Structure formats: structure tokens, C-alpha cells
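One structure is given here, and the rest of the page talks about it.
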Number of protein chains: 2
Amino acid sequence: MSITDSRPGDGVRERILRAAASALRSHERAGMAEIATAAGVGRATLYRHFASREDLLVELGRFSAAECVRALEAARLDAVPVPEAVARANRAVLSVGRAYWVVSVHAPDLWPEERAVGDRLDLLARRGQEDGVLRRDIPADHLGALHGSLIVGALTYEPLIALGVEEAADTITKLYLSGAAA
Amino acid sequence: MSITDSRPGDGVRERILRAAASALRSHERAGMAEIATAAGVGRATLYRHFASREDLLVELGRFSAAECVRALEAARLDAVPVPEAVARANRAVLSVGRAYWVVSVHAPDLWPEERAVGDRLDLLARRGQEDGVLRRDIPADHLGALHGSLIVGALTYEPLIALGVEEAADTITKLYLSGAAA
DNA sequence: TCACGGCGAGACACGTTTGTCTCACCTAAG
DNA sequence: CTTAGGTGAGACAAACGTGTCTCGCCGTGA
């Protein structure tokens, strides 16, 4: 995004991946030309960094998941009680998630790296159950998966994410923990 | 699915649409050849029923949403109190939803028909708030949207939907209404 | 028996996409 | 100034997807 971003090498690859995420979000049929344009880059440059379209997609999966995991690591979930950890996880994923959500939705099997994120939500649910703060009548991995789908929902539903990360995260934290009942 | 399904005319179109939903679920780039194969049908037959790929997609949107709306109508949501209506809605959508969820995810703007389903969830949330059984600190349409994303989550997460419609619907009903807290 | 309608298979032309390659450009380092 | 590395632009062949058309097949109803 910044002006110096077009310096040789390292910055370009990342910019391409971010642009690809954005382009694929609008439609998965986006081709290399479309991605190149979105990245403000020549089409040939795509092939200098990625062997093929398929390869670019795989790398995008790795990149997005890694970014998401990094955010979750930084949130230090295991340093706080589960309810607070849920809130932190939601903020963390929503803040980096616009790039990420593509991964979780479009090709669930193509990107095993995505599991790294889901696993962390599962783990959180499991700890919650062990600590007695989360219900035990739903398996932890189901809780984790549905927690994930709330996050995706927040990212997908424009009017919600438009309120900003804090608001949106707060909404799904409340809903996930306490439910919709009055 | 049944053997007599290959009788002339009416059955084929529906089978194509179901196959298209299934094919597009794995990847939106699925072409006409792929859809035809999934439907167990010649590629030419696709063009006998739909003018173009674009047209097929539009019809798929209409078809899926209509099927979903039909199920919701049949559930008579407004004849019962909101918590029971939520349970019914979940069962209704999950039972027809495997075809439907593609619509909601892949091209939110391409298929305005999808709104017909979302609107019903919004309406349900609004009634819940008016009746005092649903929380008012989250706008009704946000509740509706997140309710929808829980449904999509249930459809997407294999281990959950594999338990069957009743189980899966029950899980998201509990989670949506009461939350994950113990 | 025959015609008919819907079908599968496959050939076809056309446009688009992919992946490769070359060339000229610009910038930073020497 | 000169070189080297990364780039944008564009030419290019091959592969792929689309939409049309024709053929031969098979079941239904006359």
C-alpha cells in the first residue's frame, strides 16, 4: 500500500497475495490478468513469483492462514480466561480476516493450512469446557467450528463488519458466549 | 436420483440444477462439462435447458432459494413462539440446504432471490425482540445474518451435518439461543 | 410398424486464459 | 557511468471453455 512497497523483491509477493485474496473474494473465477491488475503489477510478474495459478492459490492459502495464526499467537489466548480469550480471538481474526475468509470458504480441502486456525478455536472450546465455563452438551470441535462460522459470518455480512472490528467482534463474542436469548 | 428420473422433460432440469449446486460447491470454476458430468447428462443437454452458463447460474439461484423458502413456509414459523420457530427454521433449512448454501456464499449479489431466505431469519429475530425473548442490544438484522451463518456453518462442517438434520439443527438452535457458555 | 421427441456423443469455431519469452525501462549499487 | 536485478508491456502458442450443430440412439405413443 505504501509508496516504498514497490521496492524489489520481498514486498511484491505479499502485495500480489493480498490482491489475489481481494480479487478472488469478488469471484473465484478471477484469472491471472485480473489478479495482476488488482495488484497493480504486470501479468508476467505473477509468473516470476508463482509457477502457475494453482501454485499462487496454494501460496495464498499458506499466507492467509499464517497471517491469521500469527494474529492469534499475538493475542496470547492461553494467558487469559476463556471468555476473554474468545473476545481476543474474534478481534484478532476479524482484524486480519478480510484476506483470510476466502481460504476458509472457497476450497476447504485445497488448503490444509486453514486447519491451523480452526484447531485453535477447537482448542479454545475444549479449554472452556474443561474450565467449566463452556457447555459440555456440544462437542468442543462443533463449538469451535460454529465459532468459526460466526467469524466468517461477521466478515461476510457487510453491515456488521462495516461497524469496525471492535464492534463486530463484540457482537459475535456476545452471541457466541451468551446466545441470542434475552 | 430415482431410476424414473430420466423420463423426458421435467426431471432433468431439476437434476441438472442439483448437480450444478454440488459441482459449484467444490469449486466455482466448474464449467459446463463438469456440471454435465456431475448430473450424469450430456453437455448438450445443459444447453437444451439453459441458454448459457450464466443463465443456469441464475436459475440455480431461483431454484435453491425457492426450495428453501418453500421449506420455511411449510414450517409455519409464525404459528409458534420464537424459540420453537428458530428450531423449526433450522430443521427446515438444513433439510433442503445442501443445495442452497452455495447460493448464500458464492455470489451474494448475483442472486437477489437469496434475500428471501435471509429476510425470513431477520423477521424472526425482529419478532423475537418484540416478544422480549431475544436480546435487543444486537440489531435484528445482525442477529438474522449471524443465525444464517450458523446454518451455513452447520451445512459446511461435515462432522456436524453428518449426524443428521435433527442433531445438527438442535445444536445450532441451542447455540444460537443460549450461546456456548455453561 | 412407424414417426417423434428428448437424449448422449462428439465435431466444430470462436473467444478467453494460461504459461513462456523477449525487449525496453528504471532504479540502486558499484 | 556502468552494471545487475527486478519490472511492465506485449507477442505468442497451446490449452481450455463456450455455444452451436449434427448424428445416431432409444423409449413412447400413434
Side-chain angles (χ1 to χ4, degrees), chain A residues 1-63 102-103 106-107 109-111, chain B residues 1-63 102-103 106-107 109-111:
Chain A
M1 302 290 183
S2 74
I3 301 175
T4 59
D5 222 14
S6 40
R7 79 187 170 291
D10 57 329
V12 181
R13 180 187 174 92
E14 187 170 323
R15 191 168 64 182
I16 291 174
L17 288 173
R18 294 192 190 284
S22 151
L24 291 169
R25 192 173 53 213
S26 25
H27 68 292
E28 192 184 345
R29 278 175 90 88
M32 294 298 259
E34 209 160 336
I35 293 173
T37 303
V41 131
R43 200 171 60 91
T45 301
L46 261 53
Y47 288 98
R48 290 194 186 97
H49 290 269
F50 306 96
S52 67
R53 182 179 187 277
E54 200 56 25
D55 181 51
L56 191 153
L57 261 54
V58 170
E59 291 303 309
L60 172 59
R62 276 198 242 281
F63 171 77
V102 185
V103 182
H106 277 302
D109 44 282
L110 188 59
W111 291 307
Chain B
M1 303 293 183
S2 74
I3 302 173
T4 59
D5 222 13
S6 39
R7 78 186 171 290
D10 55 330
V12 181
R13 180 188 173 90
E14 187 170 322
R15 192 170 63 183
I16 291 173
L17 289 174
R18 294 192 189 283
S22 151
L24 291 169
R25 192 172 54 212
S26 24
H27 68 292
E28 193 184 343
R29 272 175 94 88
M32 293 298 258
E34 209 160 337
I35 293 173
T37 303
V41 132
R43 201 171 60 92
T45 301
L46 262 52
Y47 288 98
R48 289 192 186 99
H49 289 269
F50 306 96
S52 66
R53 182 179 186 277
E54 199 58 25
D55 181 52
L56 191 154
L57 261 54
V58 170
E59 291 303 310
L60 173 59
R62 276 198 241 282
F63 171 76
V102 185
V103 182
H106 277 303
D109 45 282
L110 188 58
W111 291 306

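Predicted, not measured: the structure shown is a model, and the values here were computed from it. The chains referred to below are lettered A, B, ... by the order of the sequence lines, with proteins before strands, and numbering in each begins at 1.
- Side-chain contact annotation: A:E59 with A:H49, donor-acceptor N/O pair under 3.5 Å absent.
- Atoms CD (B:E54) and P (D:dG17) sit 17 Å apart, rounded to a whole Å.
- Using a 4.0 Å cutoff on non-hydrogen atoms, the parts of residues 37-46 of chain B near DNA chain D are B:R43, B:A44, ordered by number.
- Checked against side chain to side chain contact (heavy atoms under 4.5 Å, CB included), B:T37 has no partners two or more places apart in sequence or in another chain.
- Listed by chain and number, the residues in a side chain to side chain contact (heavy atoms under 4.5 Å, CB included) with B:A38 are B:A19, B:A23 (sequence neighbours excluded).
- Between the P atom of D:dG8 and the CD1 atom of A:I16 lies a distance of 8 Å, rounded to the nearest Å.
- The side-chain hydrogen bond (donor to acceptor under 3.5 Å, both in side chains) check on A:R48 picks up A:T45, with sequence neighbours excluded.
- For the pair A:F50 CZ and C:dT20 C1', the computed distance is 18 Å after rounding to whole Å.
- The shortest heavy-atom contact between B:L56 and B:L17 is O-CD2, 4.1 Å.
- Here A:Y47 pairs with A:M32, A:R43 under the side chain to side chain contact (heavy atoms under 4.5 Å, CB included) rule; sequence neighbours left out.
- Distance CD (B:E34) to C1' (D:dC16): 12 Å, rounded to an integer number of Å.
- The CD1-C1' distance, from B:I35 to D:dG17, rounds to 12 Å in whole Å.
- Scanning atom types as modelled, one donor and one acceptor separated by under 3.5 angstrom connect the side chain of B:R48 and the base of C:dG8.
- Here the P atom of nucleotide D:dT7 and the OH atom of A:Y47 are 16 Å apart, to the nearest Å.
- In this structure, B:L57 places its CG atom 10 Å from P of D:dT18, rounding to the nearest Å.
- The minimum heavy-atom distance linking B:R53 with B:R29 is given by the pair NH2-C, 4.3 Å.
- Here C:dT18 is the nucleotide among D:dT7, C:dT18, C:dC7 with the atom lying nearest to any side-chain atom of A:M32.
- Residue A:R13 places none of its side-chain N or O atoms closer than 4.0 Å to OP1 or OP2 of D:dG6.
- Atom CZ in B:R53 sits about 13 Å away from atom C1' in C:dT16, given to the nearest Å.
- In this model, the phosphate group of D:dG6 is not approached by any side-chain N or O of A:H49 to a distance below 4.0 Å at OP1 or OP2.
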